[in-house]
Amino acid sequence: MAAQVARHGVLMRQAFSVANHELINWFPGHMAKGLTQMQQKLKGVDCVVEVHDARIPLSGRNPLFEKRLGLATLKPHLLVMNKVDLADPRCRQDVKEYYEKQGVPQVIFTNCKEPNSPGVKSIVRKVSRAIKDSERYSRSEETSYSVMVIGIPNVGKSSLINALRARHLGRSKATRVGAMPGITQSVLEKIKVCEDPKVYLMDTPGVLAPRITNVEMGLKLALAATIKDHLVGEDIIADYLLYRLNLMGNHKYVKFLGLDAPTDNIQDLLISAAVRNNWLRRVRDHRGINTCPDIISTAARFIRAFRMGVFGRITLDDVP
Ligand SMILES: Nc1nc2c(ncn2[C@@H]2O[C@H](COP(=O)(O)OP(=O)(O)OP(=O)(O)O)[C@@H](O)[C@H]2O)c(=O)[nH]1
């Protein structure tokens, strides 16, 4: 039994445990294929831009990228922490310093929903600089850069490409964006995002580590929408969200869900919220058609609220 501490007269968990670890294994065929395609295309690439979700600055990184793509040694590499509008701004400096120590000097924080935000604005300049500074750069006349965009699912790779196109070319969307992970299914052709210098970006399918060894890491990835919700279970993700909010003393969910007080019990929360808000579903029983609290859709609303920033800007990883 996890340790509990009394807050607001309610016992709150100090650690999270989940029964079925097997649920957090997700590595569909197209992802494995994507990594192989990336390796094949790497030869003609001048720079790799790795996109992450700033809410999970550590958990989001995939060790396979570095291992199989040889990022540290083969190509100039920029690490983009995206969705910064949803992450805790107080963690930014720590994340920068953490990665500097890991030998990743270029960390850029972006909000790709805003093509004119400072991070997005700086990318082409930083890509050009990184390529020119690299040992492999020998084409003094060359001003055409080929950049591969990589990252785990749903971190905003396509949004980054679209934001850069909008910013530098005034063009609207070139590549599909979606709230669900796994939208990009194959390595796409090059997309021009800037005229001077000529910068071409390649979108790639999201790649996630084939085995998430740490359950809590898997739950953070799920909460950040990099794993399809149903693979983990909306109720489990919602329970982890509740645990994290309570741990932070963040009780904004009480008002949002129309509850009376904070709680640490996800079933109580989901049932009360469903009843209060009339989030019901029809069921057939021996008395005919009836209604009951819709637990899964209530859990989904709770999770969606977190992803939209309703409970504030939250970073889920502790940066050492
Ligand atoms: N709040 C916020 N949302 C973002 C940002 N960038 C992208 N999104 C949203 O995140 C979701 C995923 O964006 P995509 O650009 O499709 O992500 P992707 O990495 O290409 O996704 P896959 O194709 O699944 O690998 C979409 O709902 C975007 O609108 C950002 O900076 N801030």
Side-chain angles (χ1 to χ4, degrees), residues 26-35 37-38 48-57 59-62 64-65 69 78-89 91-92 95 107-123 147-167 171-191 193 201-209 220-231 300 303-316:
W26 192 56
F27 197 65
H30 82 261
M31 291 195 180
K33 199 173 107 206
L35 194 52
Q37 285 175 316
M38 281 184 210
V48 176
V49 170
E50 184 184 353
V51 184
H52 279 285
D53 187 321
R55 292 170 298 178
I56 44 169
S59 298
R61 287 201 82 205
N62 187 331
L64 279 179
F65 288 153
L69 299 180
L78 266 64
L79 181 55
V80 170
M81 286 290 164
N82 190 37
K83 307 197 184 186
V84 77
D85 53 307
L86 298 173
D88 186 341
C91 298
R92 225 190 241 215
V95 172
V107 183
I108 305 168
F109 294 86
T110 58
N111 171 3
C112 286
K113 292 212 154 189
E114 299 288 340
N116 290 319
S117 55
V120 175
K121 271 177 162 173
S122 72
I123 286 186
V147 180
M148 185 184 272
V149 180
I150 65 170
I152 62 167
N154 224 26
V155 288
K157 300 178 293 297
S158 305
S159 300
L160 176 72
I161 295 174
N162 290 334
L164 289 173
R165 267 173 74 85
R167 155 120 197 103
R171 304 264 171 84
S172 58
K173 287 175 186 165
T175 180
R176 275 179 71 195
V177 168
M180 303 269 287
I183 291 287
T184 313
Q185 300 281 310
S186 64
V187 177
L188 299 175
E189 290 314 302
K190 289 178 177 180
I191 299 163
V193 296
L201 257 52
M202 249 190 282
D203 199 1
T204 58
V207 177
L208 195 68
K220 288 177 194 174
L221 289 164
L223 199 46
T226 68
I227 302 174
K228 285 180 180 142
D229 289 346
H230 70 270
L231 291 170
I303 298 165
R304 198 157 54 238
F306 163 79
R307 291 174 183 161
M308 289 168 63
V310 170
F311 308 130
R313 297 172 67 176
I314 296 171
T315 297
L316 295 166

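Just so it is clear, the values below take in all heavy atoms, side chains as well, and ignore hydrogens, waters and symmetry mates. As the structure is a computational prediction, the values presented were derived from the model and not from experiment. Whatever order the structure lists ligands and atoms in, that order sets their numbers, starting from 1.
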>> Show the atoms of ligand 1 that are less than 4.0 angstrom away from any heavy atom in L86.
In response: 1 (N)
>> Is there a polar contact between ligand 1 and V155, counting only N or O atoms under 3.5 Å apart?
In response: yes
> Under a 4.0 Å N-O cut-off, is there an ion pair linking D229 with R304?
Replying inline: no
>> If we ignore hydrogens and angles and just use 3.5 Å, is the side chain of S59 paired with the main-chain N or O of I56 as donor and acceptor?
In response: no
>> List ligand 1 atoms under 4.0 Å from S159, heavy atoms only on the residue side.
In response: 6 (N), 7 (C), 13 (O), 14 (P), 15 (O), 28 (C)
>> Quick check for you: to the nearest 0.5 Å, what is the distance between I227 atom CD1 and N154 atom CG?
In response: 11.0 Å
> With a cut-off of 4.0 Å, which atoms of ligand 1 are near a heavy atom of C112?
Replying inline: 6 (N), 30 (C), 31 (O)
>> Against ligand 1, does P153 come closer than 4.0 Å with any heavy atom?
In response: yes
> Using a heavy-atom cut-off of under 4.0 Å, does the side chain or the backbone of N111 touch ligand 1, or both, or neither?
Replying inline: both
>> With heavy-atom distances below 4.0 Å as the criterion, list the atoms of ligand 1 near D85.
In response: 1 (N), 2 (C), 30 (C), 31 (O), 32 (N)
> Where does N162 meet ligand 1, judged by heavy-atom distances below 4.0 Å: at the side chain, the backbone, both, or neither?
Replying inline: neither
> atom 25 (O) of ligand 1: which of K157, M308, R307, R55 has the nearest heavy atom?
Replying inline: K157
> So, D53 side chain and V155 main chain: donor-acceptor pair closer than 3.5 Å or not?
Replying inline: no
>> Tell me whether G156 has any N or O atom under 3.5 angstrom from an N or O of ligand 1.
In response: yes
> Within the side chain of S117, is there an N or O that forms a donor-acceptor pair under 3.5 Å with the backbone of N111?
Replying inline: yes
>> Can you tell me how far apart NZ (K113) and NZ (K83) are? Round to the nearest 0.5 Å.
In response: 8.0 Å
>> Donor-acceptor check, side chain of R307 to backbone of L223, threshold 3.5 angstrom: yes or no?
In response: yes
